[in-house]
Amino acid sequence: MPDQPVRVRFPPSPTGLLHVGSARTALYNWLFARHAGGKLVLRFEDTDRARSTDAAVEQALRVLEWLGIDWDEGPSRQTERYPRYAAAASGLIDAGRAYRCYCTAKELDAEREARQRSQQPLIYSGRCRRLSDEQRAAYEAEGRSSVVRLVMDPAGETVIDDIVRGTVTWDNALQGDFIVLRSDGSPTYQFANPLDDIEAEISHVIRGEDLLSSTPRQLAVYRAMGAGEPRFAHLPMILGPDKKRLSKRHGAVSVEEFRDRGYLAETMRNYLALIGWSFDDKTTVMTTAELVERFTLERVNTSPGVFDFAKLEWLNGEHLRMLAPERFCDELLEHLERSGSPLAAQPERVREVAPIVQEKLRELSQFESYGAFLFGPAVYDDEAVGRVVDDPDAPRALESARAALERLVEWTAASIEEALRAACDETGLKPRVLFGPVRVAISGRSVAPGLFESLALLGRDESMARIDTLGRRFTLEG
RNA sequence: GCCCCCAUCGUCUAGUGGCCUAGGACUCCAGCCUUUCACGCUGGCAACACCGGUUCGAACCCGGUUGGGGGUACCA
């Protein structure tokens, strides 16, 4: 179907948290639509009424909004279109392309077991396909419930030209008549999905590889409905570190968890795009605009990819550093508020501290551990303090730093640096020997933002007090 | 059982017959820079699953083996 306008869709089933696999599928559809100037349709496939929840719908909407994935039509819900599916099914029955099946679960199980034993494919025999009117009436009189099955022509094969996988072929004899309407009249996924795609005039079906083998059944619906067929693009799966399908036991898998840990939406788009797709042999860090400009289905991979948490973390650091300072502050504040951090109550202070930690963080959630000492009393890390206490030069370092700082007229990062370096010259102590204890004194840790900036932000009085506090350890323990 | 898909460093990948003694990135290691960490820089470890075939020549093409994944529901 060449030169059709590009219309793609993202059809999650709202049965749980939207995880990174679905997010990647949504992203690819979005990138493809935006790149081509096409439309993205959002639809919730909630025909599994037992598992679908409104909460999941809302969560999915929130995630998409946060990810910056917008859509042009919808969201619709399949549960709102039941009459449409039922009508389509009865139309197919009238046309002889579908039929009522009265087989009971027990009968079906027996059939399946027999096939299992004889090493046959586990498909429905089609027993009810040629029921006479009398037999049908008898079953009805018996009070048997029925489902509607689609007639699958066992002759020949079904072939698709998948954009990422190339030619894929199925033997039609191995398909079997599948259920399109359950006994309660509700549609199955195999029916509602292609039907909706037909009516939404979807041009490209971009989805996970787990749906590849359902393609011949859905194509059968297209044919039964006399509809033109879409192009398919089946994306490789995302796996956990153990090469098994990514799931909760591998750690965070819901997109919101990443957001809450301080990952940028920009990072997630960049990283997710890279599992199963690449631009060239050396580009890794990309803005979303670049992604949209560069994304093509032709460069999507065929082999499954392992979700690499370490690389995601690194990439987030890259994007965090690329942020303009004001935007970094905004993101930081938003994160602190969302995570319920007490630091969120001091936005002005956060804005002062943010610049000196921006280049250090890989996750926004690390902000507290880096900067908390600038918001309240330092929490002393035993190991860091221990190292200072064991250092024979520490008392001298602290004392000379103290003396140098005390003389300062102007309390700025620059003047502080000047004074402390002068102290190094005076005492003959190396910078690292002299600065180390001071850092621990004011921050409580050996890992902290820049020392001079930190002292400047802390203020003279508080800085001196903290240096004295640590200094006292020597007189007590000495 | 049956069907489908996949197979390059630990991981993400580049590579569509000679440019490959296989390139980039993450991780890890060493070093430099440096007030620690981080950043940055330099260097290092590390892969074409296996067996056949096609070809003057295969990571790239074909077949098989093995391994992994998916499907086989009145789930989606």
Side-chain angles (χ1 to χ4, degrees), chain A residues 11-15 45-48 50-52 78 101 103 105 108 112 115-123 145-149 162 164-165 168-171 174-176 178-190 192-193 208-217 234 236-237 239 241 243-245 271 274-285 299 301-315 317-318 321 357-362 366 370 384 417 420-421 424 430-436 438-440 443 445-452 454:
Chain A
S13 59
T15 53
E45 307 212 321
D46 53 351
T47 56
D48 184 346
R51 295 196 302 143
S52 297
Q78 293 183 326
C101 167
C103 293
L108 259 17
R112 186 170 293 122
R115 283 176 181 272
Q116 182 84 266
R117 275 195 303 276
S118 57
Q119 307 199 340
Q120 293 293 301
L122 275 21
I123 57 174
S145 62
S146 65
V147 298
V148 177
R149 288 182 185 270
D162 191 282
V164 344
R165 270 151 229 283
V168 183
T169 307
W170 293 269
D171 183 345
L174 266 26
Q175 292 307 319
F178 66 95
I179 296 174
V180 294
L181 239 45
R182 303 186 183 103
S183 50
D184 67 356
S186 66
T188 60
Y189 159 78
Q190 300 293 2
N193 177 282
E209 196 208 309
D210 51 334
L211 266 13
L212 179 58
S213 37
S214 68
T215 304
R217 290 192 287 279
H234 286 94
M237 303 295 287
L239 311 176
K243 303 282 183 92
K244 302 288 184 197
R245 201 171 176 162
Y271 182 69
L274 257 18
I275 310 180
W277 174 83
S278 65
F279 173 58
D280 61 15
D281 58 340
K282 46 198 53 160
T283 311
T284 303
V285 183
R299 285 196 65 82
N301 277 135
T302 46
S303 50
V306 172
F307 193 92
D308 186 346
F309 293 88
K311 190 160 186 172
L312 173 66
E313 192 180 309
W314 164 80
L315 189 60
E318 294 290 311
R321 266 171 256 122
V357 297
Q358 180 169 5
E359 64 171 19
K360 306 232 171 220
L361 303 187
R362 288 186 152 203
Q366 294 171 322
Y370 268 102
E417 174 166 9
L420 288 181
R421 288 198 188 283
C424 288
K430 286 182 175 169
R432 64 185 312 147
V433 175
L434 192 139
F435 296 162
V438 178
R439 174 176 306 104
V440 174
S443 72
R445 308 166 33 127
S446 52
V447 177
L451 182 59
F452 317 125
S454 296

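What's counted below: heavy atoms across the whole structure, side chains too, no hydrogens, waters or symmetry copies. Reminder, nothing fancy here: chain letters follow the sequence lines and each chain counts from 1. As the structure is a computational prediction, the values presented were derived from the model and not from experiment.
An OP1 or OP2 oxygen of B:U34 is reached within less than 4.0 angstrom by no side-chain nitrogen or oxygen of A:Arg432. A close approach under 4.0 Å does not occur between any side-chain nitrogen or oxygen of A:Arg217 and OP1 or OP2 of B:A73. An OP1 or OP2 oxygen of B:C39 is reached within less than 4.0 angstrom by a side-chain nitrogen or oxygen of A:Arg362. Between A:Thr302 and B:C6, a side-chain N or O to OP1/OP2 separation shorter than 4.0 Å is absent. Residue A:Lys243 places no side-chain N or O under 4.0 Å from the OP1 or OP2 atom of B:G69. A sub-4.0 Å separation between OP1 or OP2 of B:A38 and a side-chain N or O of A:Arg321 is absent. Between A:Ser303 and B:G69 there is no side-chain N or O to OP1 or OP2 distance below 4.0 Å. Of the side-chain N and O atoms in A:Thr188, none sit less than 4.0 angstrom from OP1 or OP2 of B:A76.
Base pairing of B:A38 is not made with any nucleotide, judged by Watson-Crick or G-U wobble geometry with both donor-acceptor distances under 3.5 Å.
One can place CZ of A:Arg165 at 20 Å from P of B:U16, the figure rounded to the nearest angstrom. A:Leu434 has its CG atom 13 Å from the C1' atom of B:U36, to the nearest Å. Atom OH in A:Tyr271 sits roughly 8 Å away from atom P in B:C12 (whole-Å rounding). Going from atom CZ of A:Phe178 over to atom P of B:A76 covers 12 Å, rounded to whole Å. B:C28 atom C1' lies 16 Å from atom CH2 of A:Trp314, rounded to whole Å.
Taking the six-membered ring where the residue is Trp, the centroids of A:Tyr271 and A:Phe309 are separated by 6.0 Å or more.
Listed nucleotides: B:C6, B:C2, B:C12. Nearest to the side chain of A:Pro121: B:C2. The side chain of A:Tyr189 sits closest to B:A76 out of B:U11, B:A76, B:G40.
In this structure, a donor-acceptor pair under 3.5 Å is absent between the side chains of A:Ser303 and A:Asn301.
For the C1' atom pair drawn from B:A47 and B:U42, the interatomic distance equals 24 Å after rounding to whole Å. Between the P atoms of B:G40 and B:A58, the separation comes to 42 Å (whole Å). For the P atoms, the distance from B:C56 to B:C45 is 36 Å, rounded to whole Å. Separating the C1' atom of B:U11 from that of B:A46 is a span of 12 Å, rounded to the nearest Å. For the C1' atoms, the distance from B:A22 to B:C9 is 10 Å, rounded to whole Å. A distance of about 9 Å separates the C1' atoms of B:U8 and B:G15, rounded to the whole Å. Between B:A59 and B:A7, the distance separating the two C1' atoms is 12 Å to the nearest Å. Taking atom P on both B:C29 and B:G67, the two are 35 Å apart, rounded to the nearest angstrom.
The nearest heavy atom of RNA chain B to A:Gln78 and to A:Asn301 marks one nucleotide each, and the one closer to the 5' end goes with A:Asn301. Residue A:Gly276 is the one, among A:Leu451 and A:Gly276, whose nearest nucleotide of RNA chain B lies closer to the 5' end (criterion: closest heavy atom).
Judged by distance alone with a 3.5 Å cut-off, a donor-acceptor contact links the side chain of A:Ser183 to the base of B:C74. Interface remark: the A:Lys311 side chain does form a donor-acceptor pair with the B:A25 base, using a distance-only criterion of under 3.5 Å. For B:U35, its base sits under 3.5 Å from the side chain of A:Arg439 at one donor and acceptor pair at least.
Expressed to the nearest 0.5 Å, how far CZ of A:Arg217 lies from OG1 of A:Thr188 amounts to 9.0 Å.
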